[in-house]
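Below, chain A is the first sequence line, B the second, and so on; all start at residue 1.
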2 protein chains.
Amino acid sequence: MPREIFQRFLIEKRLKLTKERIEVLNEVFSAHDHFGPEQLYLRLRNAGSKASRASVYRTLNLLVESGLVEKITRTDKGSVYEHTYGHTHHDHMVCSICNRIVEFYSEYLEQLQDEICKKHKFSGVSHSLEIKGYCETCRKQ
Amino acid sequence: MPREIFQRFLIEKRLKLTKERIEVLNEVFSAHDHFGPEQLYLRLRNAGSKASRASVYRTLNLLVESGLVEKITRTDKGSVYEHTYGHTHHDHMVCSICNRIVEFYSEYLEQLQDEICKKHKFSGVSHSLEIKGYCETCRKQ
DNA sequence: AGACTAGTTGATATTAAATCTCAATTTCAG
DNA sequence: CTGAAATTGAGATTTAATATCAACTAGTCT
Ligand SMILES: [Mn+2]
Ligand SMILES: [Mn+2]
Ligand SMILES: [Zn+2]
Ligand SMILES: [Zn+2]
């Protein structure tokens, strides 16, 4: 299904569905996690793909543009992505010790943000909320 | 006042209060806005300071460590800072067209986040919420 | 199917934010 | 004042990400 959406997106933009793009797409959707470009590149290599780093970066940008993938955050060690197709919107808590990521969602929080936008006459399109702190297991140490 | 806090911080860490650090501190607190390292460097030059980029970067890190300044966000064109001493906590809306920044605060939003953390047994320390969209003036075009 | 054309690829170069190196200089405790 | 320890600036280095471009494909048209 992501494959069809991506294909439609590419046709729309008069771009081509290449072997490399398919491989990147498949790898991105082979697991639900949070990954960086280099990490993705190594996984692809491991899976037998010969796609280059350049193609991984280029395809990631296309996947973000198509709406199938989101760039979650930028750290000092590069960007973090996740595929969002097949998953409902959520935000993240990040443990400062073990880097574990806790996903959460609150309908109430979303509504509250809408209200705040209205109050400031701002037309909100997207948001990213990242809570930093300590996860349960790390706090017990 | 930020000066005294910074001084205490430096003594604590057995670091020295140099001309360059004072100049950076003063420039950072001379206006309340959101700035990048290069921007800050150019303002300093303009104000007659001879502090180098290296010192600007180094001092910014110290100011963040001391709690006087926060790194708000990282864009593809570098980090954005603001001084927080003398200002209450707030989050940001960013206009995708004119890059205007709208600051906002909601006690309710903060409480809600605390509750969500509790529900996920996460010990929240800090958070950053950035809402992207269109500001009032840009929407009218 | 074959051929044409516009888009893609990978190797490599380049860019740019941020950090590192280190000799010369400055701070500040004693 | 003095000296040890920290800091500075210039330039080198690191590294994520993008740009370049000749060789190569994908997909369309006949
Ligand atoms: Mn997620
Ligand atoms: Mn602000
Ligand atoms: Zn943890
Ligand atoms: Zn605007």
Side-chain angles (χ1 to χ4, degrees), chain A residues 3-4 6-28 34-45 47-66 69-81, chain B residues 3-4 6-28 34-45 47-66 69-81:
Chain A
R3 159 81 178 258
E4 291 187 12
F6 192 43
Q7 194 155 11
R8 248 173 275 151
F9 167 82
L10 292 174
I11 290 169
E12 180 73 22
K13 295 205 78 180
R14 253 141 249 178
L15 303 179
K16 292 173 179 172
L17 184 65
T18 63
K19 176 163 56 64
E20 289 79 4
R21 286 175 179 164
I22 292 170
E23 289 170 349
V24 171
L25 178 80
N26 287 341
E27 194 57 45
V28 164
H34 308 86
F35 58 88
E38 181 67 16
Q39 203 177 347
L40 178 58
Y41 169 72
L42 294 174
R43 284 182 194 177
L44 280 159
R45 291 251 111 189
S49 168
K50 296 218 163 33
S52 66
R53 278 187 184 83
S55 283
V56 170
Y57 275 103
R58 288 185 289 228
T59 306
L60 269 175
N61 285 337
L62 289 174
L63 288 170
V64 169
E65 229 193 305
S66 75
V69 167
E70 265 179 38
K71 188 184 280 194
I72 303 276
T73 188
R74 295 161 197 264
T75 74
D76 48 350
K77 285 170 182 333
S79 299
V80 178
Y81 296 81
Chain B
R3 159 78 179 260
E4 290 188 14
F6 192 43
Q7 194 154 12
R8 248 173 275 152
F9 167 82
L10 292 174
I11 290 169
E12 179 73 23
K13 294 207 78 180
R14 253 141 250 178
L15 303 179
K16 293 172 178 173
L17 185 66
T18 63
K19 177 163 54 66
E20 289 80 3
R21 285 173 181 166
I22 293 170
E23 290 170 347
V24 172
L25 178 80
N26 287 342
E27 193 57 46
V28 164
H34 308 85
F35 58 89
E38 180 67 15
Q39 203 176 347
L40 178 58
Y41 169 73
L42 293 174
R43 285 182 193 175
L44 280 159
R45 292 251 110 190
S49 168
K50 295 217 165 36
S52 65
R53 279 188 182 82
S55 283
V56 170
Y57 275 102
R58 287 185 290 228
T59 306
L60 269 175
N61 286 337
L62 290 173
L63 289 171
V64 169
E65 228 194 306
S66 75
V69 168
E70 266 179 38
K71 188 184 281 196
I72 304 279
T73 188
R74 295 160 197 263
T75 73
D76 47 351
K77 286 168 180 333
S79 299
V80 177
Y81 296 80

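Look at CG on A:Leu60: it is 9 Å from P on D:dA17, rounded to the nearest Å. Here the C1' atom of nucleotide C:dA18 and the CG atom of B:Leu63 are 16 Å apart, to the nearest Å. Per the geometry, CD belonging to B:Glu23 stands 14 Å off C1' belonging to C:dT26, to the nearest Å. As a whole-Å value, the separation of B:Leu10 CG from D:dT7 P is 8 Å. In this structure, A:Leu15 places its CG atom 13 Å from C1' of D:dG27, rounding to the nearest Å. When the C1' atom of C:dG10 is taken as reference, atom CG of A:Leu44 falls 15 Å away, rounded to whole Å. If you measure from atom CD1 of B:Ile11 to atom C1' of D:dA5, you get 16 Å, rounded to the nearest angstrom. The nearest whole Å value for the distance from the CD1 atom in A:Ile22 to the C1' atom in C:dT8 is 13 Å.
Contact check on A:Arg8 versus A:Glu4 returns a salt bridge, with a Lys/Arg side-chain nitrogen under 4.0 Å from an Asp/Glu carboxylate oxygen.
Take the nearest nucleotide of DNA chain C for B:Gln7 and for A:Thr18: the residue whose nucleotide is more 5' is A:Thr18. Ranked by how close their nearest DNA chain C nucleotide is to the 5' end, B:Lys19 and B:Arg53 are led by B:Arg53.
Axis angle across the helix from C:dA1-D:dT30 to C:dG30-D:dC1, with five pairs used at each end and values rounded to 10°: 30°.
With hydrogens and angles ignored, no donor-acceptor pair under 3.5 angstrom links the side chain of B:Lys77 to the base of C:dA17. Looking at B:Arg58, its side chain comes within 3.5 Å of the base of D:dG9 through a donor and an acceptor atom.
Picking from D:dG11, D:dA17, C:dT27 the nucleotide with the shortest atom distance to the side chain of B:Lys16 gives C:dT27. For A:Tyr57, whose side chain is taken as the heavy atoms from C-beta onward, the closest listed nucleotide among C:dG7, D:dT18, C:dC28 is D:dT18. Among the nucleotides C:dA18, C:dG10, D:dG9, the one closest to the side chain of B:Ala51 is D:dG9. Taking every side-chain heavy atom of B:Ser79 into account, C:dA18 is the closest of C:dA18, C:dT8, D:dT7. The B:Ala54 side chain lies nearest to C:dC20 when the options are C:dC20, D:dA6, C:dG10. Looking at the side chain of A:Glu20, the nearest of the listed nucleotides C:dT9, D:dG27, D:dG11 is C:dT9. Comparing D:dT7, C:dA6, C:dG10 by their nearest atom to the side chain of A:Ser55 picks out C:dG10.
Here the closest non-hydrogen pair linking A:Lys71 and A:Val64 is N-CG2, 4.2 Å. For B:Ile72 against B:Tyr81, the heavy-atom pair with the smallest separation is CG1-C, 4.0 Å.
A:Asn61 has no side-chain polar atom (N or O) that falls below the 4.0 Å cut-off from OP1 or OP2 of D:dA17. OP1 or OP2 of C:dT8 sits under 4.0 Å from a side-chain N or O of A:Arg21.
When side chains are defined from C-beta on, B:Leu60 counts as touching B:Pro37, because their heavy atoms get closer than 4.5 Å.
Looking at B:Glu27, B:Glu23, B:Glu20, B:Lys19 one by one, the single match for side-chain hydrogen bond (donor to acceptor under 3.5 Å, both in side chains) with B:Ser49 turns out to be B:Glu23.
Under a 3.5 Å cut-off, the side chain of A:Thr59 and the backbone N or O of A:Ser55 do form a donor-acceptor pair. Judged by distance alone, with hydrogens and angles left aside, the side-chain atoms of B:Arg21 form a donor-acceptor pair with the main-chain N or O of B:Lys16 at under 3.5 Å.
Within the 4.0 angstrom heavy-atom criterion, only backbone atoms of the sugar-phosphate kind lie near A:Lys50; the bases stay farther away.
Here the CG atom belonging to B:Leu62 is positioned 6.5 Å from the CG atom belonging to B:Leu10, to the nearest 0.5 angstrom.
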